[in-house]
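Per chain, numbering begins at 1; letters A, B, ... match sequence-line order.
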There are 2 protein chains.
Amino acid sequence: MTRIDDVARLAGVSTATVSRALRGLPTVSAATRRRVLAAAEQLDYEVSPSASRLAGGRTGTVAVVVPRITRWFFSTVVEAVEEYLHESGYDLLLYNLGGREQVRQRVLRTANLHKRVDAMMLVATPLRPADLTALASLDLPGVTISSGSRVPRWPCVRIDDVAAARTATRHLLDLGHHRIAHISGDPDDELAFTTHLDRRRGYQAELRAAGLPLDPSLDVESTFTIDGGNRATAELLARGGAPPTAILAACDEMAMGAMTALRDAGLRVPQDVSVIGIDDHDLAGVLGLSTVAQPAAEQGRLAARILLDPLGARTLGPVVGQRGAGHDTPVILPTRLVVRDSTAPPRAH
Amino acid sequence: MTRIDDVARLAGVSTATVSRALRGLPTVSAATRRRVLAAAEQLDYEVSPSASRLAGGRTGTVAVVVPRITRWFFSTVVEAVEEYLHESGYDLLLYNLGGREQVRQRVLRTANLHKRVDAMMLVATPLRPADLTALASLDLPGVTISSGSRVPRWPCVRIDDVAAARTATRHLLDLGHHRIAHISGDPDDELAFTTHLDRRRGYQAELRAAGLPLDPSLDVESTFTIDGGNRATAELLARGGAPPTAILAACDEMAMGAMTALRDAGLRVPQDVSVIGIDDHDLAGVLGLSTVAQPAAEQGRLAARILLDPLGARTLGPVVGQRGAGHDTPVILPTRLVVRDSTAPPRAH
DNA sequence: CTGAAAGCGCTTACAG
DNA sequence: CTGAAAGCGCTTACAG
C-alpha cells in the first residue's frame, strides 16, 4: 500500500504539501501541485479514509435514514440522494428503520453517529422529544424531507400535503361526487408516519369549503400500504349505508389496495367508484390511477444539495462553520393533478 | 468528547485493557471487564470509528452495489441486507449504479474501496474482465447475488433462472397454450443485466421439450422495465400474423407493462391473452398477476450471512484469514409458481 | 490477565 | 508557498 510519504518522497516535497495539493487547497503553487499529482498518479496513490478522518475530523459520509427503502417514495428519494452525494465525493450510509422502534432509537439516539458521519438526512422520520434532544446534542448538520419530521435549525424539503389532498378532493368534487370517502394512515402505524394527518386535513378542508358535511363513516384509518388500502376499503364497503361514489386514498399504495378491494367486491373503477391517490407511484400509470403527483427525486436532490452546500463538497478544505442558520422555513415543492382512468363522474341514479 | 484514556483512568486500567474489554475479547478478567463497562457507561463513551479503523485495519463497513434501488428486487434485497448488517454491527455503504457506466467503473475499479470497507456485495452487477481484475487486486471478501455476476472465489446466492422460466412456460403449456410469446431484456440495456438470457433459455427449453417450434416473431427484446414490457407487447401485437394466446414476461415489471399494452389494444387478460411474469413483485397480487416467485429478501439475508460469518461479526476480534475458499458452488434458492388471475386456458376458436 | 509503547496514515496549526 | 512536528484516538504485538 503506498502511503503519503511515498508520494512526498517521489515528488520531493513534504507530506503536508502532498496533502494540500491532493485536496486542491489553494495554497500550493501550480508547479508543485503538478509534481505531486504526477507522483500520486504514478504510484497509484489513494488517501486512506480512516487516517484522513482521524486527522481531519471529517468523514466524507452522510447518514440517510428512511422508514422503508422498499416503498416507492423512499427508494426514489434515496436514488436521487445517492447520485448527488457520490457526485459530490460523499459516501452514503443507509439506515432503514423498518418499523423497528429499537432501531429507530439506536440510529437517532446513538451518541456515536457524529463520529461516523458529517451530516444526516432524515426522510419522513417522526421525532419524539427524546430524539430531538439526542439530535441536538449530536450537533450535526442535517436536513429533513417530508412534513413528518422537523428538527429545529435543520432545513426541510417537502410538499404541501394539505394542499395535495385538497387538489385531489377538488378533482372528485368537480366530477360531481358528493359521497367521497377517505382512507388514510393510522397513528398506530409501526412506522409512525404523520403525513396522513395533513392529508386528512386537506380532505376535510376541501369538503367543508364545498359545504359538504364530514361523514365519519366515510373516513377509515388503516396502514399506509397496499394491504392497508385493501383492508380499509373492505371495511368501508362492509359498513352498510350508502357506499361512497369516490375514494381519496392518502397515498397511491393505499389507492392500489382500494382498487383491488373494489374489484373483489364486484365494483368497477371508475364506473361504480372513482379512486384517486397521492404520490404518482411508478405503477400509477400501469394501473391507470389518477393521482396528485409529488416530485420525489427532486425532493431528494434538493435536500442533498441544501445539506452539502454549506459543507463545501468535494474540496474538503477546512470546515467553515455556517451551519445553515435561518433555515427555519421549509422549502415546499409543487404537486400536480394527474388524471388517468380511475376517476370519472358518478353514475346517474 | 470522552476518549479511551478517560475510561481507562476511571476504571484504573490501561487503554489496552479498555479496548479489549469493550470489544469483548476473551483475555480480560470478569471483574476488570465489569469495571471497564461501568466506567464507559458512566462517561457515555463511544469508540471513535476513525481511530479504531486506522489502528485496527477494519472498517466495520460493507459496500452494497445495486443496479437500481428503485426496483422491487433490489430494494427488497437491500432491506434484508441492511437489517442483517446492522444487527451484526456493520454499516452499509450504498452504491446505486443507475445505468451510469462511469459510476460502475468508479465503484468497481477504484483502488480506494478496500480502505473504506471490509467486504462488498454485488447484486446483479455484470462484470467485465477489467472489473474482475480490479476486484481481484482489491483482495476483498465479497459475495454476489444473481447469476448475472460471478466473481472467482466469491460465494454467490441466486435462483435458477432457467428453471423459473421453464416453470412459467410449463404453466402456460399446461393450460393449453401453444402460441406463447416471450418478452425479455435487451443486451443493450444500460444496466447490462444478463438475467434475461437465462430466462429466455428456460422459455426455449420448455417449448422444445413440449415439441413446439421456436417462433422468432414471438420473441421480443426490450428493456427490463414496465415501459419495456409495454413497448415489447405493442410491438408483438403490431407484427401481424396470429397473435400469441399467452405471454411470458422475463420479469413482473415487464408483465405489468404487457398488461397495460394489452388493455390499450382492447384485449382482455386473461380471456384474450394470458400473462405470466417472474419475481412476485409487491404489486403482483394487486394486479392479479400470475408469476414464478423468487425469494428476494432471503437471498439478501443469506448473502449477508455468508459474507459476514467468516469476518467474525460484532466481536470484531483480530481478523482470521479464512476467505471462503471452496465457495465456488452458487447457493440456489427455490422458486415457486403463484397462479393468480392473469392466466387461463386459451379461448376455444 | 494486563500494561508500556509503538504505530496506524493522515491533517493542521505554527513558523518561516 | 512550504516544512517539521505534534496530534487525531485507537489497536496490537511484545513482554511479563
Next on the checklist: Using OP1 and OP2 only, check whether a side-chain N or O of B:Arg23 sits under 4.0 Å from D:dT12.
Outcome noted: yes
Next on the checklist: For the OG atom of B:Ser52 and the CD1 atom of B:Ile4, what is their distance to the nearest 0.5 Å?
Outcome noted: 9.0 Å
Checklist entry - If you check the A:Leu54 side chain, which of D:dG3, C:dG9, D:dC10 turns out closest? => result C:dG9
Checklist entry - Between atom CG in B:Asp5 and atom P in D:dT11, what is the gap in whole Å? => result 12 Å
Item to check | Of the listed nucleotides C:dC14, C:dT11, D:dC10, the one nearest the side chain of B:Arg3 | outcome: D:dC10
Next on the checklist: Just to be sure I understand the rule, does A:Arg53 reach a base, reach only the sugar-phosphate, or reach nothing, if contact means heavy atoms closer than 4.0 Å?
Outcome noted: nothing
Checklist outcome for this item: Dot-bracket for DNA chain C, 5' to 3', Watson-Crick and G-U pairs with both distances under 3.5 Å, [ ] for crossing pairs, | for partner on another strand, reads |||.||||||||.|||
Checklist outcome for this item: Checking A:Val78, A:Ile145, A:Val65 against A:Met121 for side-chain contact (heavy atoms from CB on, under 4.5 Å), the one that qualifies is A:Ile145
Checklist entry - Is B:Arg9 salt-bridged to B:Asp6, cutoff N-O under 4.0 Å? => result yes
Item to check | Near-strand residues of residues 28-36 of chain B, defined as heavy-atom separation under 4.0 angstrom from DNA chain D | outcome: none
Next on the checklist: Do A:Arg301 and A:Arg305 make a side-chain contact, defined as non-hydrogen atoms from C-beta onward lying under 4.5 Å apart?
Outcome noted: no
Checklist outcome for this item: A:Leu25 atom CG is separated from D:dC1 atom C1', nearest whole Å, by 12 Å
Item to check | Rounded distance in Å - CD1 (A:Ile4) to P (D:dC8) | outcome: 18 Å
Checklist entry - Does a side-chain heavy-atom distance below 4.5 Å link B:Phe73 with B:Gln299? => result yes
Item to check | Distance between C1' atoms of C:dT12 and C:dG16 (Å, rounded) | outcome: 16 Å
Checklist entry - Looking for any heavy atom pair under 4.0 Å, which part of the strands does B:Ser48 touch: base, sugar-phosphate only, or nothing? => result sugar-phosphate
Item to check | Distance-only donor-acceptor check, side chains A:Arg23 and A:Ser19, under 3.5 Å | outcome: yes
Item to check | Intermediate values then yes/no, side chain to side chain contact (heavy atoms under 4.5 Å, CB included), A:Thr61 and A:Arg53 | outcome: CA-CA 10 Å; A:Thr61 305; A:Arg53 287 167 193 191; 3.5 Å; yes
Item to check | Separation of C:dC10 C1' from A:Arg9 CZ (nearest whole Å) | outcome: 15 Å
Next on the checklist: If the cut-off is 4.0 Å, is A:Thr17 near the phosphate of D:dT2, judged by side-chain N/O to OP1 or OP2?
Outcome noted: no
Next on the checklist: Taking the minimum atom-to-atom distance to the side chain of B:Arg20, which one of D:dC10, D:dG3, C:dA4 wins?
Outcome noted: C:dA4
Next on the checklist: Is B:Ser52 close enough to D:dT11 that one of its side-chain N or O atoms is under 4.0 Å from OP1 or OP2 there?
Outcome noted: yes
Checklist outcome for this item: When A:Thr2 and B:Thr15 are each assigned the nearest nucleotide of DNA chain C, the 5'-most assignment goes to B:Thr15
Checklist entry - B:Leu43 has an atom CG; how far is it from atom C1' of D:dC10, in whole Å? => result 16 Å
Item to check | Between D:dG9 (P) and B:Tyr45 (OH): distance, integer Å | outcome: 10 Å
Checklist entry - With a 4.5 Å limit on heavy-atom distance, are the side chains of A:Tyr90 and A:Asp118 in contact? => result yes
Checklist entry - Donor-acceptor pair, A:Asp131 side chain versus A:Arg128 backbone, under 3.5 Å? => result yes
Checklist entry - Using a distance-only test with no angle check, is there a side-chain donor-acceptor pair under 3.5 angstrom linking B:Asp5 and B:Thr15? => result no
Item to check | Nearest-Å distance for atom pair CD/P, residues A:Glu46 and C:dC10 | outcome: 11 Å
